[in-house]
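Let me begin by presenting the structure, written as structure tokens, before commenting on it.
Reminder, nothing fancy here: chain letters follow the sequence lines and each chain counts from 1.
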There are 2 protein chains.
Amino acid sequence: MTEPTTRSPGAADDASASRQHTLRERNLRLVARAIYDAAAAPRSPGAVPPSRADVATATGLTRATVSTLVDRLLVARLVTELAPVPAQRAGRPAVPLVPARRTVVGVGLEVNVDYLGVRVLDLAGDVVAERVGTGSFHDSDPAAVLARLGALASDVVAGVQADGMQVAGARLALPGLVDARTGELEVAPNLGWSSLDPVPPLGLGELPVVVANEAKLAALAELAGDVPPSFLYVSGDVGIGGGIVVDGALFLAERGWNGEIGHVVVDPAGPRCTCGAYGCLEQYAGKEAILRAAGLEADAPLDSLVALLRDDDGAAVEQARAAVVRAGQALGSALADFVNLTGVSTVVLGGVYTELEDWLRPEVEAGLADRVLAAPFAPVVVRAAVAGEHAALTGGAREVLREVVADPAAWG
Amino acid sequence: MTEPTTRSPGAADDASASRQHTLRERNLRLVARAIYDAAAAPRSPGAVPPSRADVATATGLTRATVSTLVDRLLVARLVTELAPVPAQRAGRPAVPLVPARRTVVGVGLEVNVDYLGVRVLDLAGDVVAERVGTGSFHDSDPAAVLARLGALASDVVAGVQADGMQVAGARLALPGLVDARTGELEVAPNLGWSSLDPVPPLGLGELPVVVANEAKLAALAELAGDVPPSFLYVSGDVGIGGGIVVDGALFLAERGWNGEIGHVVVDPAGPRCTCGAYGCLEQYAGKEAILRAAGLEADAPLDSLVALLRDDDGAAVEQARAAVVRAGQALGSALADFVNLTGVSTVVLGGVYTELEDWLRPEVEAGLADRVLAAPFAPVVVRAAVAGEHAALTGGAREVLREVVADPAAWG
DNA sequence: CGGCGTTTGTTCTATGAATGAACTATTACC
DNA sequence: GGTAATAGTTCATTCATAGAACAAACGCCG
């Protein structure tokens, strides 16, 4: 098992001897990144993917070197040449280089409280295959649930392999405390799971599976959109998870047990939390807490709350709105602590908060403006997540592929 | 101005083309690190500094390569050969390699509320020169104060240069919000300074000076001791600052405005803070808040509080102890948020907290055990700082030298 | 006390990856 | 169709490392 989920901050200044082939590896990475970054960048209408010559000027390498490196990426099936476009100017037309499609793929897996699923992405970011099953996995049997997910996954994997794609690896997202170094699950309260290695029960054989926290993989899914390189991701559900992304990578100090914003103190005189303490954020802004405060059942669908909020009038509407406002205030207070402590000034609202954004955001922004010390110099930006449903599946698959592209030498 | 204060997480996977000389630089760094790490490691009695051969086996390079690299470090005066010790076994005796003394030095500068100072360290970590002046710089004139510090510094610098040492650079520590990218001071409430570049008024000419937050440099000073590679540093004074150290380097996302634990919410029903919000930690565990709650004047010396706490009996003693207990509880609550959000499981108590450790620690540990979610799996360790007085001076000077050793090619 | 094995450090040739200049390929423009 | 321009390739050169052979300085032991 390699570096799980992301590079740790100190990992890049790697402590091993550099030889000739280290140069190769590093420049190969540089070239791959140049091609992939260009593909990910918001494309202006007339923009065309970079050629070998473009990559050379962008990286500072010579065209000769870039040519040999690109050749390696081509045989590794990480990059594809497009048909030369007849340029509008003199000279031999350039060969555009783009991430390869349907060649190498990454797999995202997830077990959450009310569903499990598999999603396969290719290097271009396209969804190649997907299967999601519903269920109620509260206090479930890990072996049975993981076996079910494994069966789904091996089915999907067999399919894409039959189409000639190579599967680079998989990430399994779980809603709990996952050790970022060992990949062991310490505890997942809402699943009722604890102290287990979830990989063997999947029965996926050779396929390398790395386990990670659901909110953190969901945070990575945002990188596909137009986010700044550093942001805080908050995933609202029954519990409230978080992920810290710094310069495009997850921040995972020690064992990666960070972003636990659900248990930040909002009011020490507040209600008792499942964790034993009093006045945790979860008691104000957790999904069940909001639904109850809105006068709904704790397991009511979120849509029913949204419908209420959208209604024009009535006592029930008032109560629902007040509940969300209260949640927004609590969230603003806790997020202010988060921003003050991490210094990251963009907040992305994920999970149920995405749909509640319209009602939450004013309160959250007010709380941040009041309490974030650096706000006068670097205003905090709050925005809704864009990754869509089951973001952790996308984030996991993306992360597998990011690692491949970050070290093409190890792959090719 | 180079990378200020520390490498940013993404900096090491540097995005420039690798050539032959890149290999040199990287291996040079590797060799330097091997020699310095061995010198910093807790030396068992019989241990002897590493030889070229030792460095070769430690790094994986050949002895031939290590020899040429060590030669460079010798001429750059970063490393010195000791007299060969007659080994107890057969074979040619090894030449021990150690960090050079009194050759290349780093300068730490600081302006704080009641003092300013200069400290010069050499590569072996020895204090080569030091000058500290007292004063009251509350609402002071930046130009005047900085000129005074600059005069002190150029005096000291001239002295060490006259002794043949080369000054690699300086770090200026300030108790305020410093932009880690530009080195501009946004605001230092307790000095009454705002929006200025403090470097020109120093009048230090050629000497490269980088500005940083005081608590963050003080945190780095702890690295000289026996701390784990990652820890949270909390510096208690009138304000409460913090620093996040991950894998031996400061965590500085975006502009480095993190660790502002002084304004974490302890109780929204609490007293109003200078920042405008209610119930910030500073109102419970700030130096002035503690002194007042203990029945002392807000500007009383800390020793008077410690003397009270050490006393046997009496109503004043009770009040003082209660004040510190209350501060410890608030600190425990805020630190629990800090640990839950960053995932770093060691807390170092600096500033006035160092001296109050005996009375604070039980309360802080209780709060952490109660509220830190991962505590059952990774208990939070609380300890007092060891860097001694004016830790930011030491941390700043160390940081200058760390950068030199981290990139010896740029220096030699 | 001098040869022998051992370990350290140096010298020298070979290898491999990037450079830079020359060369080929393919277009637009006149 | 000739010329200029740009893309991509070929090839001799450069340079840092590896690896092997060598020199230096020790302990050991007969």
Practice task
Assign A:V66 to base, sugar-phosphate, or nothing according to its heavy-atom contacts below 4.0 angstrom with the strands shown.
Solution key: nothing
Handout entry: Nearest non-hydrogen partners of A:R102 and A:D122, listed with the distance
Key = N-OD2, 3.1 Å
Fill in the blank from the handout: note: B:R72, atom CZ; D:dT17, atom C1'; distance rounded to Å ~ 13 Å
Practice task
Measure from CZ on A:R26 to P on D:dA16 and round the result to the nearest Å.
Solution key: 16 Å
Handout entry: Minimal non-hydrogen separation, A:V85 against A:P93, with atom names
Key = O-CB, 3.6 Å
Fill in the blank from the handout: Across all chains, not counting sequence neighbours, the side-chain contact (heavy atoms from CB on, under 4.5 Å) partners of A:P229 are A:D247
Practice task
Look only at the side chain of A:T65 and the backbone of A:L61, and say whether a donor-acceptor pair between them is shorter than 3.5 Å.
Solution key: no
Practice task
Go through the structure and list residues passing side-chain contact (heavy atoms from CB on, under 4.5 Å) with A:V400, not counting sequence neighbours.
Solution key: A:A168, A:R171
Fill in the blank from the handout: Letter by letter from the 5' end, nucleotides 20-30 of chain D scores (B base, S sugar-phosphate only, - none; protein heavy atoms under 4.0 Å) ----BBBS---
Exercise for the section: Let me know the distance between CG of B:N27 and C1' of D:dA18, rounded to the nearest Å. Expected result: 12 Å
Completion exercise
Annotated structure of DNA chain C as dot-bracket, pair cut-off 3.5 Å, Watson-Crick or G-U only, | for inter-strand, is ||||||||||||||||||||||||||||||
Practice task
Give a yes or no on whether the backbone of A:V167 and the side-chain of A:Q161 come within a donor-acceptor separation of less than 3.5 Å.
Solution key: no
Handout entry: Along DNA chain C, first and last positions that approach a heavy atom of chain A under 4.0 Å
Key = C:dG16 to C:dA28
Completion exercise
For A:L223 and A:G248, the nearest pair of non-hydrogen atoms, with its separation, is CD1-O, 3.4 Å
Completion exercise
Taken in chain and number order and not counting sequence neighbours, the residues that satisfy side-chain contact (heavy atoms from CB on, under 4.5 Å) with B:A94 are B:S51
Handout entry: Test side-chain contact (heavy atoms from CB on, under 4.5 Å) applied to B:T103 - qualifying residues, sequence neighbours left out
Key = B:R77, B:A100, B:L123
Problem - Touch class at under 4.0 angstrom, heavy-atom based, for B:S51 against every strand present - result: sugar-phosphate
Exercise for the section: Grab the CZ-C1' distance between A:R19 and D:dG19 for me, whole Å please. Expected result: 12 Å
Fill in the blank from the handout: Taken in chain and number order and not counting sequence neighbours, the residues that satisfy side-chain hydrogen bond (donor to acceptor under 3.5 Å, both in side chains) with A:R92 are none
Completion exercise
Rounding to 0.5 Å, atoms OG1 (B:T394) and CG (B:L217) come to a distance of 10.5 Å
Fill in the blank from the handout: Sorted by chain and residue number, the side-chain hydrogen bond (donor to acceptor under 3.5 Å, both in side chains) partners of B:T68 (sequence neighbours excluded) come out as B:R24
Exercise for the section: Could you list by number each residue of residues 52-60 of chain A showing a heavy-atom separation from DNA chain D of less than 4.0 Å, or answer none if no residue does? Expected result: A:R52, A:A53
Practice task
Could I get the full list of salt bridge (Lys or Arg N to Asp or Glu O under 4.0 Å) partners for A:D126, not counting sequence neighbours?
Solution key: A:R101
Completion exercise
Ranking A:Q20 and A:D71 by the position along DNA chain D of their nearest nucleotide, the one closer to 5' is A:D71
Exercise for the section: Check side-chain hydrogen bond (donor to acceptor under 3.5 Å, both in side chains) between B:R255 and all other residues, then give those that pass, not counting sequence neighbours. Expected result: B:D179
Completion exercise
Closest to the 5' end of DNA chain D, once A:P96 and B:L61 are matched to their nearest nucleotides, is A:P96
Practice task
May I ask you to verify if any side-chain N or O of A:S67 is less than 4.0 angstrom from the OP1 or OP2 atom of D:dT9?
Solution key: yes
Handout entry: Separation of D:dT17 P from B:E25 CD (nearest whole Å)
Key = 11 Å
Practice task
Using only side-chain N and O atoms of B:T65, determine if any of them is under 4.0 Å from OP1 or OP2 of D:dT17.
Solution key: no
